[in-house]
Amino acid sequence: MGAERFALIGDPVAGSVSPAMQRAAFRAAGLDHDYVAVRVPARELEARWPDLAASCRGLNVTIPHKERVVPLLDEISPEAARIGSVNTVVLRDGRAEGHSTDGAGFMAALRRAGLGPHRRAVILGSGGAARAVAAALRAERTAVVVAGRTPARTRRLAEDLGVEAVALEPGPLREALADADLLVNATPLGGRPKETPLPVGVAIPPGATVFDLVYRPRRTALLARAEARGCAVVEGVEMLVEQGALSFEIWTGAPAPVEAMREAALRALGEASGA
Ligand code: NAP
């Protein structure tokens, strides 16, 4: 492959880790490609799509386009079709092919940490990331309960993917967690100091693995609490790196230089010298 252009499209994209991570990957693999972040406001996706498709060899897609991009594609992978969301696009021979690497990235992060398989998972949140994680866990035969604050959205996810749904409230959550060996935070709660997605009075099950998708900060209040209880913890940055590595592999057909990507991601998050 000669030098090609890749892009992240979304809004906002400033502060995204993907450009640093993918550029580091191309460099480490000896590829002369460029990767840029392009702010595409929600209303402009359709109008700007022909130019993006013509000028790039591949895209990462983030909020608010992960679902809206689907009708613009010529083909979609079974995994992306199952969750109705795309985060990686390959543009080849005038055709656009969509994939989702979030679920596989989540599973890869667990595997790399030497954790799993898990028997029963509770996922907090019922948005796009919860969908990807729930589908990936189901595919590996883990029983899944999603706990969401908006009943209709949570129910729809549960029906689409054949998992259980409960309200993100102390009673139902305590019951769901009693038998769980994996707890996943797929809400944005934890981005602020001391903020946690678990309602007051709900304990983390002892011995469970706790995976927080929030990656800023790396060590959220939920993970700190889990670690203090002796739980195995996985930081969101690990999924960020693995989903990016899978995008790289889809675009190039070559194994991703995961360590170089991880270093670049941590540097971009300003935490390279951290844990
Ligand atoms: P999303 O589609 O907007 O879904 C967010 C979910 O969180 C929704 O179910 C929402 O509930 C719930 N939520 C938001 N605020 C809440 C609150 N105050 N109380 C209770 N529930 C609340 O977002 P997403 O794409 O799934 O992303 C979720 C998080 O995962 C984000 O922080 C994102 O950065 C992170 N993420 C990380 C990675 C990674 O690689 N580490 C990958 C993907 C996403 P409603 O349905 O009621 O609105």
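Order of appearance sets the numbers: ligands from 1, and atoms from 1 within every ligand.
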N or O contact, [X] vs ligand 1, cut-off under 3.5 Å:
| X | value |
| --- | --- |
| Ala129 | yes |
| Leu240 | yes |
| Gly127 | yes |
| Asp102 | no |

| field | atom 3 (O) of ligand 1 within contact range, any protein heavy atom under 4.0 Å | value |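 Within 4.0 Å of atom 3 (O) of ligand 1, no protein heavy atoms are found.
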
Any atoms of ligand 1 less than 4.0 Å from a non-hydrogen atom of [X]? List them with their elements.
| X | result |
| --- | --- |
| Thr150 | 45 (P), 46 (O), 47 (O) |
| Gly128 | 2 (O), 26 (O) |
| Arg153 | 2 (O), 8 (C), 9 (O), 45 (P), 46 (O), 48 (O) |
| Tyr215 | 41 (N) |
| Gly125 | 9 (O) |

| Plane angle bin for His33 and Phe26 - parallel if under 30°, tilted between 30 and 60°, otherwise perpendicular | perpendicular

So which heavy atom in the protein is nearest [atom], and how far is it from that ligand atom?
| atom | result |
| --- | --- |
| atom 32 (O) of ligand 1 | Pro188 CA, 3.4 Å |
| atom 9 (O) of ligand 1 | Ser126 N, 2.8 Å |
| atom 16 (C) of ligand 1 | Arg149 NH1, 3.3 Å |
| atom 23 (O) of ligand 1 | Ile63 CD1, 4.5 Å |
| atom 30 (O) of ligand 1 | Leu213 CB, 3.7 Å |
| atom 42 (C) of ligand 1 | Met239 CE, 3.6 Å |

Side chains of residues 106-117: which donor-acceptor pairs under 3.5 Å do they make with residues two or more places apart or in other chains?
| from | atom 1 | to | atom 2 | distance (Å) |
| --- | --- | --- | --- | --- |
| Arg112 | NE | Glu242 | OE2 | 2.4 |
| Arg112 | NH2 | Glu242 | OE1 | 3.4 |
| Arg112 | NH2 | Glu242 | OE2 | 3.3 |

Is there a donor-acceptor pair closer than 3.5 Å between any side-chain N or O of [X] and the backbone N or O of [Y]?
| X | Y | answer |
| --- | --- | --- |
| Glu164 | Val145 | no |
| Trp49 | Val69 | no |
| Asn87 | Thr101 | yes |

| Region of Leu168 engaging ligand 1 - heavy atom pairs below 4.0 Å | side chain

| task | May I ask you to identify, for Leu189, whether its side chain, its backbone, both or neither come under 4.0 Å of ligand 1 on a heavy-atom basis? | result |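 Leu189 to ligand 1: side-chain contact only, backbone stays beyond 4.0 Å.
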
| CZ of Arg192: more than 12 outside heavy atoms within 6.0 angstrom? |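 No, CZ of Arg192 has 12 or fewer neighbouring heavy atoms, counting only those of other groups under 6.0 Å.
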
| said: Are there over 12 heavy-atom neighbours, none belonging to Glu175, within less than 6.0 Å of that residue's CD? | reply: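 Atom CD in Glu175 is not crowded, with 12 or fewer foreign heavy atoms closer than 6.0 Å.
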
| Between Thr187, Thr196, Thr220, which is the residue that forms a side-chain hydrogen bond (donor to acceptor under 3.5 Å, both in side chains) with Asp212? |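 Result for side-chain hydrogen bond (donor to acceptor under 3.5 Å, both in side chains) with Asp212: Thr220.
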
| Which side-chain hydrogen bond (donor to acceptor under 3.5 Å, both in side chains) pairs, counting each pair once, include a residue from residues 131-158, with sequence neighbours left out? |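 For residues 131-158: Ser126-Thr154, Arg131-Asp160.
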
| said: Checking Arg5 against Asp34 for the salt bridge (charged side-chain N to carboxylate O under 4.0 Å, His left out) test, could you report, in this order, the C-alpha distance in whole Å, the side-chain angles of both residues, the deciding distance, and whether it holds? | reply: CA-CA 5 Å; Arg5 189 166 187 259; Asp34 193 15; 5.2 Å; no

| field | Which atom of Asp74 lies closest to which atom of Arg95, heavy atoms considered | value |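 Smallest heavy-atom distance, with atoms named: OD2-CA, 3.2 Å.
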
| Is Arg27 salt-bridged to Asp32, cutoff N-O under 4.0 Å? | no

| query | Quick one: does Ala186 get within less than 4.0 Å of ligand 1, heavy atoms only? | reply | yes

